[in-house]
Structures are given as C-alpha cells and as structure tokens.
Amino acid sequence: MIHLDGHSLTRAQLVAIARGAQVELDPAALLKVERAANFLAEQVAREEPIYGVSTGFGSNADKLLGAHPLRDELPDAKSSGRSLHAELQDNLITTHAVCVGEPFAPDVVRAMLGIRINTLLRGHSGIRVQTLQALAAMLNAGVVPVVPQLGSVGASGDLAPLSHLAIVLLGGGEAFFDGERMSGSDALRRAGLVPVRLSYKEGLALNNGTAQMLATGVLALDELEYLLDTADLAAAMTIDAFAGRLGAFAEEVHALRPHPGQVQVAKNLRTLLKGSTLADIPYHLVPRHRSWLPQSWDTPESQALSFDIGWEWVPNTQRHGREKFYQRFKPFRGGKKHQPQDSYSLRCIPQVHGAVRDAVAHAARVLEIELNAVTDNPLIFPDREAQYVEEQVISAGHFHGMPLALAMSAVKAAIPVLASISERRINKLVDPATNDGLPAFLIGNEDATESGFMIIQYTAAAIVNDLASRAMPASVYSVPTSANAEDHVSMGANEARHVLAMCGDLGKVLGLELMTAAQALDLRRDMINAARDLADRADAAMFARKVQGAPLSGDAAQAGFIAEVDALRVELSDADAFHPGDAVKRAHAAVRGEIAFLERDRALDGDVRRAVELVAQRRVDAGLRSRAVAA
C-alpha cells in the first residue's frame, strides 16, 4: 500500500503503483482538498467569474456561463434542468478524449492515475473528496482505462490522454479489467464501482496536467537505470574478453575530471573486474588464434579444442633500440599488441557511459520535483487573504511540460550514444583486425564455411541507426493549438513516450553485446589456458612449435631462441588458470545458462531471442548499487 499525501511520492513508489501496488489517501491532505472544493462552491454561489468554472476553456475563456441553457428561453420551452457548470466539466472530458493509436501498457496508465491522484491531494485543484476517492478506488480495483498513445502536445498538459483516464470515471470510454477490454461502464460495474458526476472545475482538475509525460518518463528512467548497470556489465565482460587494460579506470585518474557519472562508471568497472587475471595480463602471454588442423595438438583432450594458438618470435635483428623493452617483455608477438592503451570503445567507457548517467540523473531530478508538483490550472489558494477572487484563483502555466520535455530530450539523445558504443565493442570483438588475436567472427571456421557472429553486429548496427534516427528532440518543434490560445507547447508527451520505447531497443543491443562478449571471453580464456596447459606438459622444443619465425637449424640464434621460448613456457606454466572478474564470471554463467558456446554454425535466432530476454527480464544482474542509490 502506497500512502499518497501530495508531497512525498517517490519514483520507486510510482513504479510500484504501476506494477500493481494499491494506494491510500492521506486524511490531512483530504481536508485541504475539501477546503478548496468548498471555496469554489462558495465563489460560484457569489457569481464570481472564474476561469474553467464559470467561463469556457482555452479560446472560450472570455465567455461567461449563464444561469441556465439559452434554449430554455425558447417559447413554450420547459426547463431542461441542465447545469451549465456540470455540463462544462463533463463536455471537457468527453470531447477531449480523442487520442489515437495503440493503447499504453497498463503500467503506464496506472502510473498516470497514481500521479494524478497525488497532485490533486495538494488541495489546489478544486476537486471534491468523493471524486478523488472514486479515482483511487478505480485504481485499486484494477480498472485500467484504455489510453491511446498519440494525442498530447504537452500543454495544457496531457489533456487528451488524461481525458481518456477521466472518461472511464464518468462511465464512458473503454477500460481493461481482469485483462479484458470492455466499455468503461462495464468495467466500473464489474469492479463494483459507480460512475461519478463532475462538479465545479473537476473536469479541468482531472485532465489538466503532465501525468502522461511524467508516467512514461519515470518508467523509462527506471528501465534506463537498470540498462546503465547492464551496459557497464557488458562492457566489463568485453574488457575481460580483450584482456584489456585497467589503468584507464583508476580512481586517481577520474578524480582529475570528477563528473559524477564518469566517476561512478569507473568505480563500477573496477568492481565488476575485481579478481580478473585476464585484465592487465602481460602482453606476451596472450597467444593469437590460428585455425585448427589435425596436427595442431598432441593429446586427445587438446585435439577437442576448436582452435590452434601461436606467437611470432621477434629476432635480435629487430630489437635494436628496443633492448630495454625486451628486458621487461619477452620477445613474442601474440594476440595483444605491445601498446599501453585500448581503443576508445574500451578506454573511454567511463566518459561515455558516465555522460549518459549524468543525463539520466538530471532527468531524474526534474521528474522527482514534478511527482509532487501541482500541474493543473487555475490554481486555488482558498486561505489567501484577497480583495478579489482573481487573487485566490490564479491562472498560471504549471501544465506546460517543457521542464520534463527538455530533460527527456537529453536522455533521448543519450540512448543512441550508449547503444552506439556497445555496437562498436561488438564490432571490435568480431573483426580480426581489431579483436587482438581472436578468430574472425569468433568462430574457428577451419573449413571456411562458417559465419559465426558476423551478422550479430549487423543487427546491432541496424538498431543503433534506428535509435539515432528517432533521437530528434520533439521539444524543439512546437505546433500551436486551441486557436493560438496555446501558442507554444512542449511536445513533452511525445518526448517521454519515445524515450520509453527506445529503452527496449537499447536493451536489445546490450543483450547482443553480452552474447558476443561471452563467446569472445570463452575463446580468450580457453586459448590462454590451452597455452598454459601445453606449457605444463611440453618441453621448450615442443612448445616452440607454436612459435613462428624461429631461426633455422644450426643458426647461431637457435640456442637463444630456445632459451627465450622456454622462459615464456615457464611463465605460463607457473601461472594459475586464467579467469575473468568475479562479477563477470557470474554474468557469463547467466548467459551460458541460456545460450551455449557456438562451436559450429547453427541457427542463431533462438540465441538472439534469449539474449534479448535476459536483459528485458532483468535476469543478468551486475550486482551494482548505483541504481539503488539513484532510486
């Protein structure tokens, strides 16, 4: 049960409401609600002109309501008994429920209801207690209004989608109940509820606000905070698969440029890679992949491997001027180049992932303010001393969604950035020119018939392009409405809706990186450990078969070559089995629990589906605390 009082709703609580938690209304807040509703009734009795109560809406704001319908004045007409005040509110809802497209998912609609109830509890909107309680009862009963996704311009708030919420409360529209789509009246009846008849300003209180853009924004950030941790995890697995360099993530390095997200990501990577003996491995210990041949290995166990391995020896004639280097590093070129830094997609993970985190963190701050803000119009201050009612019922612009829209624009632009650097890591893993000695497309392919992970990168590239093409900010393109009474709008509802939809595609790219990195990690670990196992059982002469560039028999350099090979062999033999970081190991196990190592080409559609589901269903846990802290 989530306690709503208009002041303390959190993003985590709203997510809980979206996923089925019920709500209760704060008694003290309901007293404020009652005070504002009574104040409006008093002002109407005094025939005071109040926007949206005794005047029309929008471009009709200059038209005052009469005491009765004009048609009641026709000759021989009987009194219709119609209240223009009630009709005004009812018509506002029924005429504004005009959205089109597929309905929002139930979690979005429940979040919209939770937001609307919470903001109305502030007591500045004029809704009656019984109407607010009916709205909460509808939420708690599981009645989910059908709200099509297209129709809000984000000022005056989310008028059309919120009207789809409210129309069900009146017994109109459509709703889902127990998973079945039906008329709003049937949904209320089956839930044991009765329709509501609106009073002064209640229609305006129900449909004037930012609930759609806020609901979709909050749910999007909940997903993004998980995906940010998942992106760090996928990146860490890729770093281990590359036997990458950790110096770029050192705490003292990031203290010199302390953007919060950047510092957090560097810390996350250090945590995720803790315990790794692949990261920072000496360059010369990492062999390069060679295609398997029948004569590649000397035992039945090693013959079962899908690869061969090897190094190139650097002869003395190529060491001049580099003698000091080869005193520290053995003169063998394997899979890792002798360079102190990795490519940007690895080395700059804190800077890129961190910038996305900072954009999300800024949006979170904006949304957290909005969760407990009053966003309808006009605003009612019943206890304010004033000479005229205009000083107590004040028309303002809190319904304008630009604070949310601009924050979500930044997030919208950040999503393709995170997807893009993930795709670049996938490409780096599968490309033999960049994958530091792994096989092309991460498959043995000794018979030249296999594609391995080649097309996985295509899929990731297609998704990244699609995300980039959708990243144009909606907030920069206002289309005036309401006969130019609303001459600048935010388009924040479209912005937040886009972000929520784009999260799913970002998750697909991260799932593909996890799947690809797991394959690469298996190969890297197994190749190095195969070299270690061979070093254990072989002598220098036998081990030298894995080294190209050996001097010819009888050459004066032959003895030195064998001695250097033996030193490499001893170093590998003395090492413990190589393994990834502890957190990476757990994530790798989660992937392997669903997707087997690709020994030979097979249909990958099922593997891809399972990789995407692992992320979408949050079954790969980075074990990081950053998301919990943010919430």
Side-chain angles (χ1 to χ4, degrees), residues 230-246 248 269 272-273 276 278-279 281 286-291 306-307 309 334-337 339 341-349 352-353 418-445 450-464 506 508-528 578 580-581 584-585 587-588 590-592 595-601 604 607-608 611-612 614-615 620:
T230 304
D232 291 352
L233 177 62
M237 191 181 294
T238 297
I239 290 167
D240 256 339
F242 273 107
R245 303 296 165 225
L246 302 187
L269 292 175
L272 293 166
L273 291 163
S276 172
L278 291 171
I281 187 175
V286 182
R288 171 171 291 278
H289 173 271
R290 290 179 182 160
S291 291
S306 60
F307 53 79
I309 57 172
K336 294 292 290 184
K337 294 179 181 178
Q339 59 186 31
Q341 57 188 28
D342 291 317
S343 64
Y344 285 8
S345 62
L346 300 180
R347 186 177 11 136
C348 298
I349 291 166
V352 177
H353 288 205
L418 196 61
S420 175
I421 194 171
S422 175
E423 181 276 331
R424 287 293 80 199
R425 292 191 293 264
I426 295 171
N427 183 76
K428 185 173 171 64
L429 286 167
V430 300
D431 185 350
T434 61
N435 68 11
D436 289 358
L438 294 173
F441 309 116
L442 304 179
I443 193 79
N445 197 28
E450 295 174 306
S451 296
F453 277 65
M454 179 194 297
I455 308 300
I456 297 297
Q457 184 263 332
Y458 284 46
T459 302
I463 297 171
V464 169
L506 169 61
K508 294 181 178 70
V509 176
L510 297 178
L512 294 177
E513 183 181 0
L514 283 167
M515 172 182 171
T516 307
Q519 178 81 3
L521 179 59
D522 281 334
L523 286 164
R524 180 75 71 191
R525 179 200 61 203
D526 292 351
M527 285 165 57
I528 297 175
F578 292 93
V584 170
K585 191 184 302 182
H588 176 270
V591 174
R592 283 287 168 257
I595 302 167
F597 178 79
L598 189 65
E599 189 82 23
R600 296 282 180 266
D601 267 2
L604 290 177
D607 292 351
V608 168
V612 169
L614 275 171
V615 175
V620 182

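Reckoned from all heavy atoms, side chains included, excluding hydrogens, waters and symmetry mates.
The shortest heavy-atom contact between Ser343 and Lys428 is OG-CE, 3.1 Å. Nearest heavy-atom pair, Glu599 versus Ser306, reported as atom, atom and distance to 0.1 Å: OE2-CB, 3.1 Å. In plain terms, the two heavy atoms of Ile281 and Ala243 that are nearest each other are CG2-CB, 3.7 Å. Here the shortest heavy-atom pairing between Ala440 and Pro432 reads CB-CG, 3.6 Å. Closest of all the heavy-atom pairs between Phe578 and Leu278 is CB-CD2, 3.8 Å. Scanning both residues, Leu604 and Gly452, for their nearest heavy atoms gives CD1-O, 3.7 Å.
Here Lys336 pairs with Asp342 in a salt bridge; the nearest charged N to carboxylate O distance falls below 4.0 Å. Arg525 and Asp522 are joined by a salt bridge, as a carboxylate oxygen and a charged side-chain nitrogen come within less than 4.0 angstrom of each other.
Without hydrogens or angle criteria, Arg592 side chain to Ala587 main chain gives no donor-acceptor distance under 3.5 Å. Distance alone, capped at 3.5 Å, places no donor-acceptor pair between the Ser422 side chain and the Leu418 backbone. Panel note: side chain Glu450, backbone Asp601; a donor-acceptor pair is recorded below 3.5 Å. Judged by distance alone, the side chain of Arg524 and the main-chain N or O of Asp436 form a donor-acceptor pair under 3.5 Å. The main-chain N or O of Ala611 is never found under 3.5 Å from a side-chain atom of Asp607 such that the two would form a donor-acceptor pair.
Taking CD1 of Ile309 as the start and CG of Leu523 as the end, the distance is 12.5 Å to the nearest 0.5 Å. Taking CZ of Arg288 as the start and CG of Asn435 as the end, the distance is 7.5 Å to the nearest 0.5 Å. If you take CD1 on Ile426 and CG on Asp431, they are separated by 13.5 Å, rounding to the nearest 0.5 Å. Separating the CG atom in Leu521 from the OG1 atom in Thr516 is a distance of 12.5 Å, to the nearest 0.5 Å. Within the model, atoms CG of Leu269 and CG of Leu233 stand 10.0 Å from one another, a figure rounded to the nearest 0.5 Å.
Residues Ile349 and Arg425 meet the side-chain proximity criterion, which asks for heavy atoms closer than 4.5 Å. Under the 4.5 Å side-chain criterion, counting only non-hydrogen atoms from C-beta, Val430 is not in contact with Met454. Between Ile528 and Val286, the closest side-chain pair of non-hydrogen atoms falls below 4.5 Å. Residues Lys508 and Val615 fail the side-chain proximity criterion, which asks for heavy atoms closer than 4.5 Å. Using a 4.5 Å cut-off on side-chain heavy atoms (C-beta onward), Leu429 and Phe453 make no contact. Side-chain contact between Thr459 and Leu512: present, with at least one pair of heavy atoms (C-beta onward) separated by less than 4.5 Å. Counting heavy atoms from C-beta outward, Ser276 and Val584 have side chains that stay 4.5 Å or more apart. With a 4.5 Å cut-off on side-chain heavy atoms, Leu598 and Leu442 do not count as touching.
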Practice item. For side chain to side chain contact (heavy atoms under 4.5 Å, CB included), just list the numbers for Met237 and Leu272, CA-CA rounded to whole Å, side-chain angles, deciding distance to a tenth of an Å, and then say yes or no. Key: CA-CA 9 Å; Met237 191 181 294; Leu272 293 166; over 6 Å; no
Exercise for review: Carefully, step by step, assess Leu438 and His289 under the rule side chain to side chain contact (heavy atoms under 4.5 Å, CB included).
Suggested key: CA-CA 5 Å; Leu438 294 173; His289 173 271; 5.7 Å; no
Exercise for review: Check the pair Leu506 / Leu510 against side chain to side chain contact (heavy atoms under 4.5 Å, CB included), numbers first and verdict last.
Suggested key: CA-CA 6 Å; Leu506 169 61; Leu510 297 178; 4.3 Å; yes
Exercise for review: Assess whether side chain to side chain contact (heavy atoms under 4.5 Å, CB included) is satisfied between Ile595 and Gln519, documenting all intermediate values.
Suggested key: CA-CA 10 Å; Ile595 302 167; Gln519 178 81 3; over 6 Å; no
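Pro580 pairs with exactly one of Ile239, Leu273, Asp240 by the side chain to side chain contact (heavy atoms under 4.5 Å, CB included) rule, that one being Asp240.
Surrounding CZ of Phe597 are more than 12 heavy atoms belonging to other residues, nucleotides or ligands, all under 6.0 Å away.
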